[in-house]
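Step one of this worksheet: look at the structure below.
Given the structure is predicted, the values throughout are model-derived calculations rather than measurements.
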Amino acid sequence: MAITNEQLFAFIRKNPIGVGCGVISLAIVGAMYFRSGNLPAVELELEQLTNEGARLSDNVKNSALLKEQLEELTAANAAIDGRLVSARGRFDNQRYFTTLAEASGAAIVSQSQTAEPKNASKGGFVNVPFNVAVQGTYPQVMDFLRRLEYGEHFARVNYSSVSKVPNDTARDNVIVTLNLELLGRP
């Protein structure tokens, strides 16, 4: 039972809407079939674009205060740089301890910059090591330590010892020996 071309054209003329819908349906099914292979790649691209959009949105939202934050960081760095010692400035570094002792009423028994600082870390800072011995009454020595703690430079005490002064008739003087580091630049 073969259908001739004339019978086919007659059928199409009698049912134009049904034939049109069938052709469109076949075209849609064919397009879905050929495009279904691209579905994972398109979903991946959508996910990447969504992530990129979220990142850009966060950047715009977070950039509102960048200028103020940069100014704050610049001021903080300037404050830190003002409190650093120079690793090569032995005289100025030792004068710092003498100034603290004079202000507290204690006396420096001995002081020395013990070694050259090691290479700078990633931040460009070095620890400048010192040995300092201070003699005075207990309140004077405590005042010296307080001034060291809240002083001009960043200090870290690694080791300390307290002892009585030998042959002290008043028995109120002590010696504090400190092994400490000041934060500095090479």
Spell out, as yes or no, whether a donor-acceptor pair under 3.5 Å connects the side chain of Ser63 to the backbone of Asn59. yes

Any chance you could measure Phe97, atom CZ, to Ser112, atom OG, to the nearest 0.5 Å? 9.5 Å

Is the closest basic N to carboxylate O distance between Arg55 and Asp58 below 4.0 Å? no

Evaluate whether atom CG of Leu56 has more than 12 neighbouring non-hydrogen atoms of other residues, nucleotides or ligands under 6.0 angstrom away. yes

Keeping the roles fixed (side chain from Gln94, backbone from Phe91), state whether a donor-acceptor pair exists under 3.5 Å. no

Hphob cluster co-occupancy, Ile108 + Leu178, side-chain heavy atoms under 4.5 angstrom: yes

Any heavy-atom pair between the side chains of Tyr96 and Leu182 that's under 4.5 Å? yes

Could you check if a side-chain atom of Glu68 sits within less than 4.5 angstrom of a side-chain atom of Leu65, using non-hydrogen atoms only? yes

Asn179 side chain to Val157 main-chain N or O, any donor-acceptor pair under 3.5 Å? no

Test your reading of the model: is there a side-chain donor-acceptor pair from Arg83 to the backbone of Glu152, 3.5 Å cut-off? yes

May I ask you to test the Phe125-Ile80 pair for a side-chain heavy-atom distance under 4.5 Å? yes

Contact check, side chains of Val128 and Gln113, non-hydrogen atoms, under 4.5 Å: yes

With Leu180 as partner, the option from Asn131, Leu148, Asn158 fulfilling side-chain contact (heavy atoms from CB on, under 4.5 Å) is Leu148

With the side chain counted from C-beta on, respond yes when Thr177 and Ile175 share a heavy-atom pair under 4.5 Å apart, and no when they do not. yes

Step through the shown structure and confirm whether more than 12 heavy atoms of other residues, nucleotides or ligands are within 6.0 Å of CD on Glu6. no

Mind running side-chain hydrogen bond (donor to acceptor under 3.5 Å, both in side chains) on Gln111 and Thr98 for me, showing each step along the way? CA-CA 9 Å; Gln111 65 176 336; Thr98 304; 3.2 Å; yes

Can you check whether Val19 reaches Phe11 side chain to side chain, under 4.5 Å on heavy atoms? yes

Is Glu102 reaching over with its side chain to a backbone N or O of Thr99, donor-acceptor style, under 3.5 angstrom? no

Taking atom CD of Gln69 as the centre, does the number of heavy atoms from other residues, nucleotides or ligands within less than 6.0 Å exceed 12? yes

side-chain contact (heavy atoms from CB on, under 4.5 Å) test vs Pro139 passes for just one of Asp143, Thr137, Val141, namely Thr137

Is there a side-chain contact between Leu183 and His153 (heavy atoms, below 4.5 Å)? no

